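Values below: every heavy atom of this structure, side chains too, minus hydrogens, waters and symmetry copies. Predicted, not measured: the structure shown is a model, and the values here were computed from it. Throughout, residue positions are numbered sequentially from 1 according to the sequence presented.
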Amino acid sequence: MSERVVHLFEVVEVDEEDPHAGGFAAGPLQLLSPSTAVHDQVRKRALYERHGVREYWLLHPTDRVLTIYRLGADGVYGKPDVQGLEGPTPVGVIDGLEIHWPAPETDPLMSTGN
């Protein structure tokens, strides 16, 4: 693998010389876990910002909290939008697409295994 390729999230590769070439993702969704939280919230956020990723979503499944960073016209993420997983959440980079979150009692991520 070339040293100029940077892996973003699990499904996106960005060529550092031309980050908009070849299906560049508009906004990854990252599930937070205690073992990767610092990496996801600090390092990956800075990496995505540097490469012009327009939206970066951080999902804390246990607390059912979503943090969305949006790239401003200045190329910098502004203040994040923090919200609970209630009702639909529009995906800002894909017109007409909304994420509909399951109710807590039916959410498989909240299951206690009983």
Side-chain angles (χ1 to χ4, degrees):
M1 180 180 309
S2 166
E3 290 183 16
R4 29 181 220 123
V5 173
V6 177
H7 288 274
L8 300 181
F9 195 45
E10 285 76 14
V11 295
V12 181
E13 289 186 0
V14 176
D15 184 324
E16 288 182 349
E17 291 183 10
D18 187 4
H20 299 288
F24 181 65
L29 168 67
Q30 185 70 51
L31 291 175
L32 292 177
S33 69
S35 63
T36 64
V38 170
H39 180 75
D40 296 338
Q41 294 181 72
V42 178
R43 294 182 190 102
K44 278 190 178 180
R45 182 175 107 31
L47 181 66
Y48 293 158
E49 183 179 67
R50 187 171 71 241
H51 285 284
V53 173
R54 294 177 293 175
E55 281 191 359
Y56 178 40
W57 290 26
L58 293 163
L59 177 63
H60 194 293
T62 305
D63 293 338
R64 295 182 50 85
V65 172
L66 176 66
T67 302
I68 303 173
Y69 289 94
R70 292 184 178 92
L71 204 62
D74 58 358
V76 176
Y77 286 134
K79 182 178 178 184
D81 177 17
V82 180
Q83 58 190 20
L85 301 184
E86 300 171 354
T89 301
V91 178
V93 295
I94 302 174
D95 290 337
L97 180 62
E98 294 181 330
I99 306 297
H100 293 262
W101 306 105
E105 62 273 7
T106 62
D107 189 342
L109 296 174
M110 299 298 295
S111 173
T112 60
N114 295 331

(message) For residues 69-81, which residue pairs pass the salt bridge (charged side-chain N to carboxylate O under 4.0 Å, His left out) check, not counting sequence neighbours?
(response) Glu55-Arg70, Arg70-Asp81

(request) Determine the minimum heavy-atom distance between Gly78 and Tyr69, stating which atoms define it. (result) O-CD2, 4.0 Å

(message) How close do His100 and Glu98 get, counting heavy atoms only, and between which atoms?
(response) NE2-OE1, 3.3 Å

(message) For Leu85, is there any backbone N or O sitting under 3.5 Å from a side-chain donor or acceptor partner on Arg64?
(response) yes

(request) Would you confirm whether Glu49, through its side chain, and Tyr77, through its main-chain N or O, come within 3.5 Å as a donor-acceptor pair? (result) yes

(message) Checking Ala103 now: which residues fulfil side chain to side chain contact (heavy atoms under 4.5 Å, CB included) with it, not counting sequence neighbours?
(response) Glu105, Thr106

(message) Test of understanding: clusters of I, L, V, M, F, W, Y form through side-chain heavy atoms closer than 4.5 Å, transitively. Do Ile99 and Leu66 belong to the same one?
(response) yes

Inter-residue atom distance [X].[atom1] - [Y].[atom2], 0.5 Å rounding:
{"X": "Asp40", "Y": "Ser35", "atom1": "CG", "atom2": "OG", "value": "8.5 Å"}
{"X": "Leu32", "Y": "Thr67", "atom1": "CG", "atom2": "OG1", "value": "7.5 Å"}
{"X": "Gln83", "Y": "Trp101", "atom1": "CD", "atom2": "CH2", "value": "8.0 Å"}

(request) Verify side-chain contact (heavy atoms from CB on, under 4.5 Å) between Val91 and Trp57, making sure each step is shown before the conclusion. (result) CA-CA 10 Å; Val91 178; Trp57 290 26; 3.8 Å; yes

